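Structure, as structure tokens:
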Amino acid sequence: MPDDAIARERGPLRRCIVTRQVLPKERLVRFVIGPARELVPDPGGRLPGRGLWLLAQEDVLRKALKQGAFAKAARGSVGVPGNLGALVVSGLRQRIRDFLGFARRSGEAVAGREAVMDWLRHGKVALLVQASDGSPAERSRLVGSRELPVLTPLTAAELGGVFGRDRAVHVAVSPGRMVSSLQAETARLAGFEPAAGV
């Protein structure tokens, strides 16, 4: 099946204001123009106003800023925060924490080596989220020969915050919608922080 047909099947498409590519909105980051004509990142796509969509890659954001793409797309002057990249990264990291929090509260995620090992033994794991500052050797030992996707978007402190502890290095997520949401958000984050991916 051609790429454009696959994309249409997956949901709404948006056009990047820099690359002009038409892609599923899960691969882009939305921005809106605030009341004072300031540019506001809207990674959740919830803020009111016309969206300006950008491919979720740091080099595309730099190009947009250099070319004045936001002002052109908004047909007028736009105030761009000096820390725009950091705001995008912060918003994406928050979305990952939110999704993990939803999964925890619904019983679809557990944290801690023993709980994760128990879920692995019982075949309840569709995705592992590991702390980005955790040990790669420990990560390999935990996964072993299992064919499981492993994401490393957050630090142990950030993961711990989601699960009500100081630190969490290992998180298991059971099959369900949260898996694809976490993978999509991590892929967008990896466009700005390559180390945030797998």
Side-chain angles (χ1 to χ4, degrees), residues 1-103 126-127 129-130 132 149-155 158 173 176-198:
M1 187 179 291
D3 285 344
D4 58 342
I6 291 170
R8 275 195 299 277
E9 280 184 20
R10 290 192 181 143
L13 302 176
R14 300 292 183 265
R15 182 181 305 275
C16 173
I17 63 172
V18 172
T19 67
R20 311 305 296 162
Q21 291 176 280
V22 176
L23 297 164
K25 65 182 187 176
E26 294 80 17
R27 294 193 43 207
L28 298 117
V29 176
R30 182 177 189 257
F31 296 82
V32 296
I33 307 300
R37 301 278 310 159
E38 76 280 9
L39 189 64
V40 179
D42 180 26
R46 302 262 189 255
L47 295 176
R50 179 175 160 256
L52 307 174
W53 295 85
L54 199 68
L55 185 63
Q57 293 179 358
E58 185 179 17
D59 61 328
V60 175
L61 177 60
R62 278 197 309 269
K63 189 181 279 189
L65 296 173
K66 183 177 179 183
Q67 296 175 350
F70 291 111
K72 289 175 190 171
R75 297 188 182 106
S77 64
V78 174
V80 178
N83 63 343
L84 185 61
L87 292 173
V88 171
V89 166
S90 175
L92 291 170
R93 293 173 83 83
Q94 183 59 53
R95 283 186 56 79
I96 293 168
R97 286 192 300 271
D98 290 345
F99 281 128
L100 283 171
F102 297 146
L127 171 72
V129 180
Q130 302 281 324
S132 58
V150 178
L151 305 178
T152 59
L154 303 175
T155 66
E158 289 173 305
V173 182
R177 288 185 55 198
M178 285 303 160
V179 171
S180 58
S181 296
L182 286 164
Q183 288 173 318
E185 294 306 318
T186 300
R188 292 199 306 168
L189 179 60
F192 295 95
E193 287 186 336
V198 175

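Since the structure is predicted, the reported quantities are computational estimates derived from the model, not experimental observations.
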If we only count heavy atoms from C-beta on, is the I33 to L52 side-chain gap below 4.5 Å? yes
For the student: nearest non-hydrogen atoms of E26 and R188, plus distance: O-CD, 3.0 Å
Are any side-chain N or O atoms of Q21 and backbone N or O atoms of T19, one a donor and one an acceptor, separated by less than 3.5 Å? no
Could you check if a side-chain atom of L84 sits within less than 4.5 angstrom of a side-chain atom of L65, using non-hydrogen atoms only? yes
Are there over 12 heavy-atom neighbours, none belonging to R14, within less than 6.0 Å of that residue's CZ? yes
Can you measure from CG (L189) to OG (S90) and round to the nearest 0.5 angstrom? 10.5 Å
Apply side chain to side chain contact (heavy atoms under 4.5 Å, CB included) to residues V60 and C16 and explain how you reach the verdict. CA-CA 9 Å; V60 175; C16 173; 4.0 Å; yes
Taking 4.0 angstrom as the limit, do R93 and E193 come out as a salt bridge? yes
At their closest point, which heavy atom of L28 faces which heavy atom of W53, and how far apart are they? CB-CE3, 3.8 Å
How about Q57 and F192: do any of their side-chain heavy atoms sit closer than 4.5 Å? no
Exceeds 12 heavy-atom contacts within 6.0 angstrom, atom CZ of R177: no
Is there a side chain to side chain contact (heavy atoms under 4.5 Å, CB included) between L47 and R30? Walk through the geometry before answering. CA-CA 9 Å; L47 295 176; R30 182 177 189 257; 4.2 Å; yes
The side-chain hydrogen bond (donor to acceptor under 3.5 Å, both in side chains) partners of D59 (sequence neighbours excluded) come to none
Between D42 and G45, is there a donor-acceptor pair closer than 3.5 Å when you use the side chain of the first and the backbone of the second? yes
So which atom in V129 and which in P153 form the shortest heavy-atom distance, rounded to 0.1 Å? CG1-CD, 3.9 Å
Looking at NZ of K25 and CG of L13, how far apart are the two atoms once the value is rounded to the nearest 0.5 Å? 10.5 Å
To the nearest 0.5 Å, how far apart are OG1 in T186 and CD1 in I96? 4.0 Å
The reported gap from CZ in F70 to OG in S77 (rounded to nearest 0.5 angstrom) is 14.5 Å
What pair of heavy atoms forms the shortest contact from Q130 to V150, and how long is it? CG-CG1, 3.5 Å
Would you indicate whether the side-chain heavy atoms of V88 and F31 approach each other to under 4.5 Å? yes
Testing the basics here: between V18 and A64, what is the closest heavy-atom pair and its distance to 0.1 Å? CG2-CB, 3.4 Å
Using every non-hydrogen atom in the two residues, find where A103 and M178 come nearest and quote the distance to one decimal. CB-CG, 4.0 Å
Short N-O contact, E158 and R97, less than 4.0 angstrom: yes
Is the shortest heavy-atom distance from the side chain of V32 to the side chain of P48 under 4.5 Å? no
Rounded distance [0.5 Å steps], CG in L182 versus CG in L154: 9.0 Å
Answer yes or no: is there a side-chain heavy-atom contact under 4.5 Å between V40 and E38? yes
